[in-house]
Amino acid sequence: MSEEMKNQEATQDELDQFVSLKKGDTVKGTIVKLEDNQAYVSIGYKYDGVIPIRELSSLHVDSASEAVEVGQEVEAKVLSIDDEKEKLVLSKRAIDSENAWEQLQKHFEDQDVFEVVVGDVVKGGLVADVGVRGFIPASMVERHFVEDFSDYKGRTLRVKVKEIDRENNKVILSQKDVLEQEFEANKVQVMAGLQEGQVIEGTVQRLTQFGAFVDVGGVDGLVHVSELAWTHVDKPSDVLSEGDKVNVKVLKVDPEKGKISLSMKAVQPGPWETAGDKFNTSDIVTGVVKRLVDFGAFVEIAPGVEGLVHISQISHKHIGTPHEVLKEGQEVQVKILDMNPAEQRVSLSIKETEEAPAQPQKSERPARNNAPREEINNPNVSLNNQGMSTTLGELFGDKLSKFK
C-alpha cells in the first residue's frame, strides 16, 4: 500500500470518528493540560475535549488538579459537541457515577471492606469520592467520640457500605463498623488468652464515676471503683488519669458477655499486710471512729485497718451505749490490746489511754447518828430490817448474852 493510500485511510478513520462522535457517547482519553477550572483531554479527535471542574468529581474541588493529573487515563461522557467552535465538553463524573453504583451495590451485598480517601470535612461528618458522593457520618468514623475532624482530609479510611439509595443518589459509608468487627475478633482472641489471677500491665483508657476502663492487649477491662485502692476512693479521677500505665490482676473473664473484671488493689500490698510491721501490742495510736454499734465502736487506725473498742473499753464510767460518749468521725486515742493481722483483727481500748478517776475513800466505821431516837411504838415510824436489828440488839443485848 502506497504512502498516499495510508494517509487517505487514516483521514477516513478520523472522518468516521468525527462523524460517529455524538452527545452521550463514552470516550477514553488522556489528560494533557490542567487549568484551575477545567482539564483538557486528548481522545484522538480533531481537537481536545474539555472537562469543566464541576464534571471532574462527585465532590466539590477548588482546582482541577485536586481531581486529576496530567498523563492520567480517564473515561468520560460527551455532554455536548460543537465542531464549528471546536468545543467538546466531557464529563468524567457521569461515567464514574455509572460505574460506581454497580460496584457499590456489590460492596453493600458482600459487606466487604474497601478503602476511600477523605475528600472533604463537612458539617456532620466526612465525604469521599467513590464515583458518587459517599458520606461518612461523624458517628461512623471511629469507635470513640471525635470532637474535631479538621485533620481527616486526605486520610485513607477502610469502610463498608452502610446504606445505598441510587434513586436519591445517597451512599452512607462506615469505618466504625470495620473497626468494631476487628475489635470483636481481637477481643475473642485476647480473652481466650487471659486467666483469672493473672497480673498484667494495662493502659487507662476512660474514667467513669463507677470505675476505670483499662486496655489489656487491645481489649478494655473494668476496674471497679472499689478495686482501685485499699483506701476509699470517691471518684476514679482522684487517683488515675487517662493514659496511665497500671498493673492489674484479672478477677474474672466472661467471654459470653464480653466482660473482663480487673483489680488494681489486688496487686498492691494490703493494709493488713503492713499493719503487722507498723503496730505492736500496747502501742497507743490515733484513730478515727468509723462506726458505732450497740456493743462498741470500730476505729480505723490506718487506711483499711479497723479495730473494735468493746463497750467495756470505751470509758471508765458505766455507759449504756457508745453513742453516749462517741460519734462517727471523731478522732480518738486508742491502745492496742491485741493485734492479729492474719485474721485481720485488732482489739483496742480507749479507757486505757486515760487515767482512771480517783475513787472516794471509805471510812472504817459508819458515822454515828446523833439524831434523837424515835420510840419503837411510834406509829409514825416504819421499821426496816436494819433499823429493827439495831434496836432489838440494843434492847435485848444483856439478855441475849446469857445464851452465848
Side-chain angles (χ1 to χ4, degrees), residues 28 30-31 34 36 39 41 51 53-76 91-166 168-190 203 205-206 215 217-220 243:
K28 293 182 179 180
T30 305
I31 304 293
L34 294 177
D36 286 343
V41 186
I51 306 177
I53 191 170
R54 67 179 180 276
E55 296 297 334
L56 282 169
S57 171
S58 60
L59 306 183
H60 170 76
V61 291
D62 295 320
S63 172
S65 59
E66 293 181 22
V68 291
E69 57 185 18
V70 174
Q72 180 179 339
E73 299 289 331
V74 296
E75 192 173 11
S91 173
K92 175 178 178 293
R93 179 171 66 91
I95 297 300
D96 288 346
S97 177
E98 289 177 8
N99 295 337
W101 285 113
E102 184 177 343
Q103 186 63 38
L104 287 169
Q105 184 64 39
K106 189 174 186 306
H107 282 315
F108 179 67
E109 292 171 358
D110 295 344
Q111 280 298 288
D112 57 2
V113 180
F114 59 100
E115 292 185 347
V116 297
V117 177
V118 177
D120 203 3
V121 178
V122 297
K123 183 178 180 181
L126 312 173
V127 290
D129 184 358
V130 288
V132 294
R133 183 180 186 272
F135 181 58
I136 311 172
S139 61
M140 297 184 187
V141 178
E142 303 285 358
R143 291 184 62 243
H144 58 274
F145 172 75
V146 179
E147 186 173 355
D148 184 10
F149 288 99
S150 58
D151 63 342
Y152 272 69
K153 186 174 182 178
R155 283 195 193 184
T156 298
L157 306 182
R158 292 173 303 118
V159 299
K160 286 185 174 183
V161 178
K162 187 80 172 179
E163 185 179 340
I164 185 170
D165 184 349
R166 185 167 185 174
N168 295 306
N169 201 39
K170 181 181 180 182
V171 177
I172 304 297
L173 307 173
S174 172
Q175 178 180 244
K176 183 178 180 179
D177 283 7
V178 177
L179 299 178
E180 287 285 5
Q181 184 179 18
E182 292 175 348
F183 173 78
E184 290 301 325
N186 180 64
K187 187 174 184 177
V188 171
Q189 184 177 356
V190 171
T203 304
Q205 294 295 310
R206 289 182 294 128
D215 183 329
V219 178
D220 289 349

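For the single chain, residues carry numbers from 1 onward in sequence order.
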If we only count heavy atoms from C-beta on, is the Arg155 to Gln175 side-chain gap below 4.5 Å?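 Heavy-atom side-chain distance check fails, nothing below 4.5 Å.
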
Is any side-chain heavy atom of Met140 closer than 4.5 Å to one of Ile172?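 Yes. Closest side-chain heavy atoms under 4.5 Å.
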
Check this for me: does any side-chain nitrogen of one of Arg143 and Glu180 sit under 4.0 Å from a carboxylate oxygen of the other?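 The answer is yes: the pair qualifies as a salt bridge.
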
Can we say Glu55 and Arg93 salt-bridge, meaning some charged N sits less than 4.0 Å from an Asp/Glu carboxylate O?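 Salt bridge present between Glu55 and Arg93.
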
Heavy-atom closest contact ([X] atom, [Y] atom, distance):
X      : Y      : answer
Arg133 : Val127 : NH2-CG1, 3.1 Å
Ser57  : Asp129 : OG-OD2, 2.9 Å
Ala39  : Ile31  : CB-CD1, 4.3 Å
Phe183 : Gly218 : CE1-O, 3.2 Å
Glu69  : Leu34  : CA-CD1, 4.0 Å
Tyr152 : Glu142 : OH-OE2, 2.8 Å

Let me confirm one number: the [atom1]-[atom2] distance from [X] to [Y], rounded to the nearest 0.5 Å.
X      : Y      : atom1 : atom2 : value
Ile95  : Glu98  : CD1   : CD    : 4.5 Å
Asp62  : Ile53  : CG    : CD1   : 7.0 Å
Asp165 : Phe108 : CG    : CZ    : 10.5 Å
Gln72  : Lys92  : CD    : NZ    : 6.0 Å
Glu115 : Thr156 : CD    : OG1   : 6.0 Å
Leu173 : Lys160 : CG    : NZ    : 12.5 Å

Full working for side-chain contact (heavy atoms from CB on, under 4.5 Å) between Ile164 and Arg166: CA-CA 6 Å; Ile164 185 170; Arg166 185 167 185 174; 5.6 Å; no

Counting only heavy atoms not in Gln189, do more than 12 sit closer than 6.0 Å to its CD atom?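 Open: at most 12 neighbouring heavy atoms sit under 6.0 Å from CD of Gln189.
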
Glu102, CD atom: more than 12 neighbouring heavy atoms under 6.0 Å: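 No, not enclosed.
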
Are Leu157 and Leu126 close enough, and set up right, to give a side-chain contact (heavy atoms from CB on, under 4.5 Å), and what steps lead you there? CA-CA 11 Å; Leu157 306 182; Leu126 312 173; 4.0 Å; yes

Among Leu56, Val41, Ile51, side chain to side chain contact (heavy atoms under 4.5 Å, CB included) partner for Val68: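 Only match with Val68 under side chain to side chain contact (heavy atoms under 4.5 Å, CB included): Leu56.
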
Main chain of Trp101, side chain of Asn99: is a donor-acceptor contact present, judged purely on distance under 3.5 Å?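 Not confirmed, Asn99 side chain does not pair with Trp101 backbone.
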
side-chain contact (heavy atoms from CB on, under 4.5 Å) evaluation trace for Lys176 with Leu179: CA-CA 5 Å; Lys176 183 178 180 179; Leu179 299 178; 5.6 Å; no

Step by step, work out the side-chain contact (heavy atoms from CB on, under 4.5 Å) result for Val122 and Phe135. CA-CA 9 Å; Val122 297; Phe135 181 58; 3.9 Å; yes

